[in-house]
Amino acid sequence: MGSSLARNDIHIVFHIKYHSMEIRNEDLVSGNLGEPLSRTHHISGTDRDYTLGVNRTNISAHLEHNVIFDHLTISAGFVAAKSSWSNMNMT
């Protein structure tokens, strides 16, 4: 049995050569993930409703550096991510 998930995203993305930052707000509704909704949302084409959901903000940033030789490229990078829903620290 599958599950259903719907989401509305707002993305703000900044790109600079070898650097980027993304701020994304997600409004998720689900039949089995999240917290109880104050108002259910009908799943089109079914007799079911989305009863759970979450609104969360995700922030991610990345840095990358490339060293290019004649026939060899060496790349190194760093990624940091934060999600408001999971109460996680920057990783």
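Source: prediction; values computed, not measured.
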Locate the shortest heavy-atom distance separating T51 from G31; write the atom from each residue and the value.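 Where T51 meets G31 most closely, the heavy atoms are OG1-O, 4.2 Å.
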
Over all heavy atoms of both residues, which pair between S75 and N66 is shortest? Give the atoms and the distance, please.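 For S75 and N66, the tightest heavy-atom pair comes out as OG-OD1, 2.5 Å.
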
Approximate separation, where rounding is to 0.5 Å, of Y50 OH and H42 NE2: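 It is 10.0 Å, given to the nearest 0.5 Å.
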
Nearest-0.5 Å distance, NE2 of residue H62 to CE of residue M21: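 If I round to the nearest 0.5 Å, the distance is 13.0 Å.
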
Would you find a donor on one side and an acceptor on the other, under 3.5 Å apart, between the side chain of H41 and the backbone of D49?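 Absent.
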
For the backbone of T57 and the side chain of S84, can you confirm whether one donor and one acceptor N or O come within less than 3.5 Å of each other? yes

Connected via hydrophobic side-chain network under 4.5 Å: L72 and V67: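 Yes, L72 and V67 fall within the same hydrophobic cluster.
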
Kindly work out whether a path of hydrophobic side-chain contacts (I/L/V/M/F/W/Y, heavy atoms less than 4.5 Å apart) joins I43 to L37. yes

Stepwise, does the side-chain contact (heavy atoms from CB on, under 4.5 Å) test hold for L33 with L28? CA-CA 9 Å; L33 299 171; L28 304 166; over 6 Å; no

